[in-house]
Each structure stands twice: as C-alpha cells, then as structure tokens.
Amino acid sequence: QGQLVESGGGLVQAGGSLKLSCAASGFTFSNFDMGWFRQAPGKHREFVSAIRWSGAARYYADFVKGRFTISRDNAKNTMYLQMNTLKPENTAVYYCAAAHFRSTYNASRLDRYDHWGQGTQVTISS
C-alpha cells in the first residue's frame, strides 16, 4: 500500500513563493510517474503539473506555465513543486499523486493515478 504525504503549504501574499513537497513510501518511487493536482472550493480536482518517473519529461497546466516548476529526487522518494509569482487564483488544496510507469502517459487524467496524498492548503492573499 503506497502512501503520499504533502507538506509546504501555507499563507503567502500575491507575488510570493512556496515550495511544496510530496514524500512517498510503501512503493518503488522511481517506478512511478508523479503529478500535482489542485482543488478549490466548489470546483473539481484539476491537473497542475506532472513529471515522468525519471524526471526526463515535465508537464504543466496552462495557468501555471512559466511560474511553477516540478521536480523530483528519486533517492529521497520525494517530489516537489516550486511555485513562484503566486496569484490569489492559485488558492486551493494541492494534492500529489503517483501513477505506475507506462510507456504512454496521460498526465492530466485523474484515473491514471494509483496513489493520492491527503492534500496541503495553499492560500494566496491579495
């Protein structure tokens, strides 16, 4: 049974930065593609960013392109999301997720992922 634990959320002013972490356990981290999703009140969970098992390919939703950077450290079983130039509309609970490696990868599909974390709150004030 895999487990993912997010951390690093909090309250920050618009224009500021946060770095989220996702610590994995109970499965072979390097065999999994990883993704970040968000969910704001009254909205569905939606794709933010993803990274292939090796870190060789990265994917971003349009609304974070150029401001957020996804990375991973397979030796530490940890994935990160560096969030810069934050905006109030980025406020949401952010979730990490793991998808067992396949040769093809639909990074934004929620049903592709096998393990989910509990989420971490990110709040951006004006």
Side-chain angles (χ1 to χ4, degrees):
Q1 300 291 337
Q3 184 176 7
L4 300 171
V5 179
E6 302 94 336
S7 62
L11 174 64
V12 67
Q13 294 185 45
S17 298
L18 285 172
K19 188 173 184 178
L20 306 184
S21 298
C22 173
S25 62
F27 63 96
T28 303
F29 184 70
S30 60
N31 289 344
F32 283 74
D33 303 314
M34 298 292 296
W36 288 99
F37 294 78
R38 73 175 187 180
Q39 189 165 17
K43 299 186 69 176
H44 294 100
R45 193 168 298 186
E46 64 182 343
F47 173 75
V48 176
S49 186
I51 185 167
R52 287 286 251 161
W53 67 276
S54 66
R58 304 163 196 253
Y59 310 88
Y60 297 95
D62 288 343
F63 68 88
V64 303
K65 192 88 171 182
R67 298 187 296 116
F68 290 13
T69 302
I70 191 170
S71 62
R72 66 190 295 162
D73 186 340
N74 285 351
K76 296 182 178 180
N77 291 346
T78 303
M79 175 181 64
Y80 307 94
L81 185 68
Q82 178 67 51
M83 305 187 294
N84 297 326
T85 318
L86 284 161
K87 304 174 181 180
E89 55 264 39
N90 297 138
T91 295
V93 176
Y94 283 72
Y95 298 87
C96 67
H100 199 284
F101 170 77
R102 300 175 186 172
S103 59
T104 58
Y105 179 44
N106 295 319
S108 65
R109 288 186 62 105
L110 276 71
D111 61 4
R112 175 67 179 84
Y113 292 84
D114 303 299
H115 308 295
W116 290 86
Q118 83 290 344
T120 186
Q121 178 70 50
V122 172
T123 303
I124 313 303
S125 62
S126 300

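Sequential numbering from 1 along the given sequence is applied to the chain's residues.
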Can you tell me if [X] uses its side chain to pair, donor with acceptor, with the backbone of [Y] under 3.5 Å?
{"X": "Asn74", "Y": "Trp53", "value": "yes"}
{"X": "Ser49", "Y": "Tyr60", "value": "no"}
{"X": "Arg52", "Y": "Tyr59", "value": "no"}
{"X": "Asn84", "Y": "Phe68", "value": "no"}

What is the distance from atom [atom1] of [X] to atom [atom2] of [Y], rounded to the nearest 0.5 Å?
{"X": "Ile124", "Y": "Leu86", "atom1": "CD1", "atom2": "CG", "answer": "4.0 Å"}
{"X": "Gln82", "Y": "Ser17", "atom1": "CD", "atom2": "OG", "answer": "5.5 Å"}
{"X": "Thr91", "Y": "Arg38", "atom1": "OG1", "atom2": "CZ", "answer": "9.0 Å"}
{"X": "Lys19", "Y": "Ser71", "atom1": "NZ", "atom2": "OG", "answer": "5.5 Å"}

Problem - Phe37/Tyr113 aromatic ring centres below 6.0 Å - result: yes
How far apart are the closest heavy atoms of [X] and [Y], and which atoms are they?
{"X": "Leu4", "Y": "His115", "answer": "CD1-O, 3.5 Å"}
{"X": "Tyr95", "Y": "Gln118", "answer": "CE2-O, 3.5 Å"}
{"X": "Leu110", "Y": "Trp116", "answer": "O-CZ2, 3.7 Å"}

Handout entry: Over 12 foreign heavy atoms within 6.0 Å of CD, Glu89
Key =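 Buried by this count: over 12 neighbours within 6.0 Å.
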